[in-house]
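To keep things clear, I will list the structure first and then write my remarks on it.
These numbers come from a predicted model, not from an experiment.
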Amino acid sequence: MVTEGFAPACHDWAAAQQADASFVWPKSLRVDQMRGTSRIMEMTWSFAAPDGRATFDFVSGDAGWSCRWRRIGDHIVYEGP
């Protein structure tokens with residue numbers, strides 16, 4: 001899922017930022033903007049026990065944009081993302 005879906009979507013997200021264009025994440029990745037934040041994203045890959053969830057954001061550096069994983073685990077990742 002990461003190399004086939006998430007990584008290419010991150011590349012497309014970075015290209016949209018460079019072009020000052022809007023970007024819509026592929027629905028299959030279940031990525032959304034986290035409520036109450038301006039830059040933190042949330043992702044769900046499993047709703048079954050154990051559930052799989054993560055929060056992440058993007059940081060800009062000399063080499064361009066990088067994805068920074070903030071918390072990975074179950075539903076508790078949403079507390080203090």
Side-chain angles (χ1 to χ4, degrees):
M1 180 164 125
V2 172
T3 57
E4 298 86 16
F6 187 72
C10 287
H11 178 76
D12 293 345
W13 178 92
Q17 301 308 300
Q18 187 77 12
D20 198 25
S22 63
F23 177 77
V24 177
W25 288 89
K27 288 189 182 283
S28 63
L29 294 177
R30 293 182 271 209
V31 173
D32 290 304
Q33 182 76 34
M34 191 158 191
R35 290 185 206 161
T37 69
S38 61
R39 67 187 218 291
I40 301 173
M41 307 297 290
E42 61 180 270
M43 177 181 199
T44 302
W45 64 87
S46 175
F47 293 108
D51 57 338
R53 301 164 192 270
T55 59
F56 64 95
D57 62 0
F58 292 94
V59 292
S60 179
D62 293 339
W65 289 100
S66 296
C67 176
R68 174 176 53 186
W69 293 102
R70 300 174 64 91
R71 298 190 71 194
I72 300 171
D74 58 15
H75 202 293
I76 201 160
V77 303
Y78 297 138
E79 296 177 15

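Not counting sequence neighbours, the partners of D51 by the side-chain contact (heavy atoms from CB on, under 4.5 Å) test are R53, D74, H75. Scanning for side-chain contact (heavy atoms from CB on, under 4.5 Å) contacts around D12 gives F23, with sequence neighbours left out.
Taking each heavy atom of I72 and V77 in turn, the nearest pair found is C-CG1, 3.6 Å. Residues R71 and I76 share a closest heavy-atom pair of NH1-O, 3.4 Å. Across every non-hydrogen atom of S22 and A16, the tightest pair is O-CB, 3.9 Å.
Between the CH2 atom in W13 and the SG atom in C67 there is a gap of 9.0 Å [rounded to 0.5 Å]. Atoms CH2 and CG, from W45 and L29 in turn, are 12.0 Å apart once rounded to the nearest 0.5 Å.
For residues 17-38, the set of pairs meeting the salt bridge (charged side-chain N to carboxylate O under 4.0 Å, His left out) definition, not counting sequence neighbours, is empty.
At least one side-chain heavy atom of Q33 sits less than 4.5 Å from a side-chain heavy atom of M41. At least one side-chain heavy atom of W25 sits less than 4.5 Å from a side-chain heavy atom of C10.
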Could you list the donor-acceptor pairs under 3.5 angstrom formed between side-chain atoms of residues 56-65 and any protein atom two or more places apart in sequence or on another chain?
| unit_1 | atom_1 | unit_2 | atom_2 | d |
| --- | --- | --- | --- | --- |
| D57 | OD1 | R68 | NE | 2.9 |
| D57 | OD1 | R68 | NH2 | 3.4 |
| D57 | OD2 | R39 | NH2 | 3.2 |
| D57 | OD2 | R68 | NH2 | 2.7 |
| D57 | OD2 | R70 | NH1 | 3.0 |

